[in-house]
Amino acid sequence: MIALLLRDLKLAFRAGGGFGLGLAFFLIVTVMVPFSVGPQSALLSTIAPGVLWLGALLACLLSLDRLLALDWEDGSLDLLATAPLPLEAVVTIKALAHWITTGLPLVLAAPVLGVLLNLPVAGFSWLVVSLLVGTPALSVIGTFGAALTVGLKRGGLLLSLLVLPLYVPTLIFGAEAARRGAVGMDTGTPMLMLAGITAATVALLPFASAAVLRVNLR
Amino acid sequence: MIALLLRDLKLAFRAGGGFGLGLAFFLIVTVMVPFSVGPQSALLSTIAPGVLWLGALLACLLSLDRLLALDWEDGSLDLLATAPLPLEAVVTIKALAHWITTGLPLVLAAPVLGVLLNLPVAGFSWLVVSLLVGTPALSVIGTFGAALTVGLKRGGLLLSLLVLPLYVPTLIFGAEAARRGAVGMDTGTPMLMLAGITAATVALLPFASAAVLRVNLR
Amino acid sequence: MMPELGKYADTVLSAYVASIALLGLLVVVSLWRGRRVRAEMKEIEERAARNG
Amino acid sequence: MTLTVTDLSIARGGIPVLQGLGFDLRPGTALVVRGPNGIGKTTLLRTLAGLQPPLSGHITGAEDTIAYAGHSDGIKPTLTVTENLTFWASVFGTAEIRPALEAFELNDLATRHAGNLSAGQKRRLGLSRLLVTGRPIWVLDEPTVSLDVSAVAMFATAVRAHLSQGGCALIATHIDLGLDAAVLDVGPFRAKPRPVTDFDGDFL
Amino acid sequence: MTLTVTDLSIARGGIPVLQGLGFDLRPGTALVVRGPNGIGKTTLLRTLAGLQPPLSGHITGAEDTIAYAGHSDGIKPTLTVTENLTFWASVFGTAEIRPALEAFELNDLATRHAGNLSAGQKRRLGLSRLLVTGRPIWVLDEPTVSLDVSAVAMFATAVRAHLSQGGCALIATHIDLGLDAAVLDVGPFRAKPRPVTDFDGDFL
Amino acid sequence: MTFSTKANALWEYANPKKFLATTERVLPFFWASAAACLAVGLIWGFFFTPDDYRQGATVKIIYLHVPAALLAINAWFMMLLTSLIWLIRRHHVSALAARAAAPVGVVMTLIALATGAIWGQPMWGTWWAWDPRLTSFLILFLFYLGYIALWEAIENPDTAADLTSVLCLVGSVFAILSRYAVNFWNQGLHQGASVMRIEAVTGGDTQEKVSNVFFYPLLVCIVGFVLLFVALVLYRTGTEIRARRIRALLARERVGA
Ligand code: HEM
Ligand SMILES: Nc1ncnc2c1ncn2[C@@H]1O[C@H](COP(=O)(O)OP(=O)(O)OP(=O)(O)O)[C@@H](O)[C@H]1O
Ligand SMILES: Nc1ncnc2c1ncn2[C@@H]1O[C@H](COP(=O)(O)OP(=O)(O)OP(=O)(O)O)[C@@H](O)[C@H]1O
Ligand SMILES: [Mg+2]
Ligand SMILES: [Mg+2]
């Protein structure tokens, strides 16, 4: 299991930085928002928490299609399925590796990008906390989507289509928590829900992912 | 040449609809915006033109990494490069096919999604016109990025990183035209610039794309 | 010796610290990698010369 | 560790391809699966490896004993040869990759990125993975594709060594491996189409 | 349409692999390229096909006359066999795909999606593409991988027919094709390392 | 005639060995003079210049901000030039020099951005504003990142040199285009989002004397930064040349084996 995690992390770094690039996408999406909605700082600071959450979500999403696809194409998944490692463990590790290479850097970069969008000072801590709690759910749900679409050529967009609706609750509660934090409101309920979603998906979804993966392999 | 275009279109439809999926992504991004920035209609209608342009751009971007990668993986590109067809023509056709399967549907769907975001009535026609003029540039620039990264494993995110700054001028003028249109201002200059960018990229960039593709094939 | 920076002391100092740290980091990393690559090349050249 | 297959029927893409297959694979023996293109050899091997369920029939002795090597090698181009092998070794809980490297003469290539290997070198790496699985039953789908004569001999030696240690091997191939092995021609087991009137049967 | 190669040196990944190669390939003849794994056969064929520039040396007669078939087939899994072939036929400006289908007995599979073919069937489709290119020089990299005996015979027949029409073929392979062809062993042409002191030469 | 011999003499330095030998000799000079200029300029600026009448002590940031901003742009121009040389004359040292300069350019961009942000906090009341100049700098930063990422992602050095050169070329055109686009965009709906324009705060036009007080140390600092840039690029180019040589030697060992 550790070997798999280490290999996935190594692959992410070798491939020109799974790290750097997920981050870069987040950065660029954030930068593009003022170009598209205009540079007024009051407007930007209103939409900042939402945009940052959406940007993080899209950055996650974009890296999903390679999560299992590369292992599928070169036959590694077949071999892993016949190895003495339950497929549930495989998908959990894959999700963990995805979070470490994508979710975690996003959490760390979010405050910097908050500056670009004039995020109110009160909002920074809540943004970071909500992302920290929410991104693991994004990785786990994304792994499920990747497992569903792994055999399909051009699964990339189909994957987005399947995963985005699943991301809705996470996004709503996460962005709500960040938004409330930014204007100094109480963030209790959305944070609680967010934590609940993460806990539940982390605990349960790997079973579903393993099941669909098994179907896709045969 | 026509055969290549037809094949690419056919492949897009067969693979579960290049059409449908690009669109679906656009739809979902647009739908996610109210979830993330909150449902106030005044705010939404201010940011609507920008969000729609950004959504269109991201939908384009997401479909780029398969633009050449599939043909590369199965060896088709090698064979096309030895076929009696200049590589410049190949990349132009590829860009055209990408535009037909991605850009055009986005243009057609934009008004519908404008309704969801309370786009002011005056904005609809300008939104459509600016997208119609701007999306070909997005496809051509994207093809250049795809040609640059085609040989690389996990090129997807690198592709985004390379292409997004190249998209900046198109986005700025396009979104500006749509925004000015929505508030009834004069759209002459941005539309002119947008048309200029599209004309120039369509005329020149395929040569650069073919050149880098040739380097990547060797 | 320290000049009077007034209420902007933090600003000015942090700008200097940040810039000099970045420059220093760049120089150190460049030199470090340069040294390593130089040593490695020498080693390989010697090995190649020995093996003919 | 005898692999026993009785009255096996298998399908690919929902269409039955082979039926009525039965054989034993005893420790120390190898079995070469032959048959024309498209008869269903790959499907058979994937079924044995547990990657897809059989239509009907029984497979015993396959649980956690099979090392499968299919058309693709599961090699990561950005990892070196050693890293690729070490990874599989630790997944299968074996520690030693040296013998595997030696058996396929990969020592010179050990620090190369696998993406920079030629077709045959890549294949050798894929085969050497079998040695680090520590599994007794090898199920191999056209293992000698792209291999030159000396590499085919390496492979035959590796298989012989495996057999002499009590392992066994099931190999689908179109060429002659120079192995002393029984041959199973799956041609005669081609699935007979069901009668057209069997409406419900089409849902399997 | 003679393909003439003189004093050719080629590199892969910036590293010279073969040097001093020279041969003629005259109409009606076939040449089989042999050599151990990793010697540079694939690199040679790609260079001849114009996919990569040679380090030095000359290739004449290769311009727009070569049909190349590499390790991968360029087959689209979501298109049917006919659609795949028709596409390549129209790219190369030839109209008729019937003979190609017949030569490799693909008629029964014509309406199948190429993704649902077995390894050997896919390969047969890849080879049939050669017939629709209408190009006189075939440059083939291990064409018979995954083929069964009867399919190898089909391939040999196709090559013979091509030669008898004045075409020629250059085939890299490790197995015996049953063709009456000259053999070019590239083993002796392995590139010699440059002297260590040639500092600037390392930049090619 | 003289021109062509001169030009040929210049091209000789495209020979890696000669380049290494020459830089080996001149580098100590560059390192030393860069250090000297930076020390003099920064100490002069930091300790011995008065506060600006409007900006107070923050004006001292100019000694870092402006040279870094200058170099950030000019490093890209240098890369464009060397990329063109690679594409046209295929001198490897030229391509490697572009590669060596990029990280230096990024750091300069980062310094300009960081000092600007730190400066903006007291002056404009915000760390960041979407002023055209700042924005185009951010875009430049993204171009640098993409360029470096592409170099890192490709294994074959010649392929990497070709691809990054084309990217640098195309990127330059788009960077200039972006600059105009951004200018247009921020004047668009909101005129003068930031009341304090950069030109306004130097007070250059109104207070000639004060300006000179700031100007001379600034000049020294700029010279120092330029020297440091040259030293770094020469040194790093040497490193890249050696790294390439190592690659070739390893390959040679492999072929011999
Ligand atoms: C992140 C923010 C900033 C960035 C990216 C930035 C970037 C630049 C750039 C590109 C230049 C042009 C250098 C040249 O062409 O010579 C420049 C010059 C300058 N900047 Fe900034 N700047 C930023 C913030 C600030 C702030 C907040 C101030 C002061 C209030 C400031 C004051 C100056 C001055 C005085 C100059 C030199 C005068 C001139 O060339 O007009 N900058 N900066
Ligand atoms: N997805 C699919 N749907 C329907 N039929 C399929 C599908 N995939 C493969 N087939 C068919 O199933 C049959 C068995 O394929 P299989 O790959 O097992 O053959 P094989 O014996 O391994 O052949 P080869 O020697 O060519 O590798 C073939 O006739 C093939 O055309
Ligand atoms: N990207 C690369 N960088 C460096 N070396 C490479 C690269 N790709 C291949 N090589 C090496 O170049 C040599 C020639 O490879 P090539 O694929 O031409 O061999 P081949 O003769 O076709 O072998 P095979 O019979 O195994 O297919 C091999 O030794 C291989 O390891
Ligand atoms: Mg098979
Ligand atoms: Mg080969």
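Here the structure is a predicted model, which means the values were calculated and not measured. Residue numbering restarts at 1 for every chain, and letters A, B, ... go by the order of the sequence lines.
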Step by step, would you call C:Leu31 with F:Trp31 a side chain to side chain contact (heavy atoms under 4.5 Å, CB included)?
CA-CA 12 Å; C:Leu31 290 178; F:Trp31 284 124; 4.0 Å; yes
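- Here C:Ser14 contributes atom OG and F:Ile118 contributes atom CD1; the two are 4.0 Å apart, rounded to the nearest 0.5 Å.
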Would you sort out whether C:Val12 and F:Trp119 count as a side chain to side chain contact (heavy atoms under 4.5 Å, CB included), showing the intermediate values?
CA-CA 8 Å; C:Val12 176; F:Trp119 202 349; over 6 Å; no
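- Of the two parts of C:Leu25, neither the backbone nor the side chain holds a non-hydrogen atom closer than 4.5 Å to a non-hydrogen atom of chain F.
- The line from CG of F:Leu228 to CG of C:Leu23 is 6.0 Å long, rounded to the nearest 0.5 Å.
- Expressed to the nearest 0.5 Å, how far CE of F:Met108 lies from CG of C:Leu22 amounts to 10.0 Å.
- Contact of C:Val29 with chain F is not made at all, since no heavy-atom distance falls under 4.5 Å.
- With a 4.5 Å cut-off on non-hydrogen atoms, F:Val106 does not touch chain C at all.
- The CE atom of C:Met41 lies 6.0 Å from the CZ atom of F:Arg245; values are rounded to the nearest 0.5 Å.
- Interatomic distance, CZ of F:Phe46 versus CG of C:Leu13, reported as 5.0 Å (0.5 Å rounding).
- Note on C:Arg33 versus F:Glu240: salt bridge recorded, some NZ/NE/NH1/NH2 to OD/OE distance being below 4.0 Å.
- For the pair C:Arg35 and F:Tyr235, the tightest heavy-atom approach, listed with the atom from each and the gap, is N-OH, 3.7 Å.
- The two residues F:Pro103 and C:Leu26 have their closest heavy-atom pair at O-CD1, 4.4 Å.
- Judged as a salt bridge (charged side-chain N to carboxylate O under 4.0 Å, His left out), and not counting sequence neighbours, the contacts of C:Glu43 are C:Arg47.
- A 4.5 Å side-chain heavy-atom check between F:Gln121 and C:Thr11 finds every atom pair outside the cut-off.
- Here CG of F:Leu38 is found 9.0 Å from CD1 of C:Ile20. Values are rounded to the nearest 0.5 Å.
- Annotation: C:Arg36, atom CZ; neighbour count of heavy atoms from other residues, nucleotides and ligands within 6.0 Å is above 12.
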Determine, step by step, whether C:Tyr16 and F:Thr115 satisfy the side chain to side chain contact (heavy atoms under 4.5 Å, CB included) criterion, reporting the C-alpha distance in whole Å, the side-chain angles of both residues, the deciding distance to 0.1 Å, and the verdict.
CA-CA 8 Å; C:Tyr16 271 75; F:Thr115 51; over 6 Å; no
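- Residues meeting the side-chain contact (heavy atoms from CB on, under 4.5 Å) test with C:Glu40, sequence neighbours left out: C:Ile44, F:Ile246.
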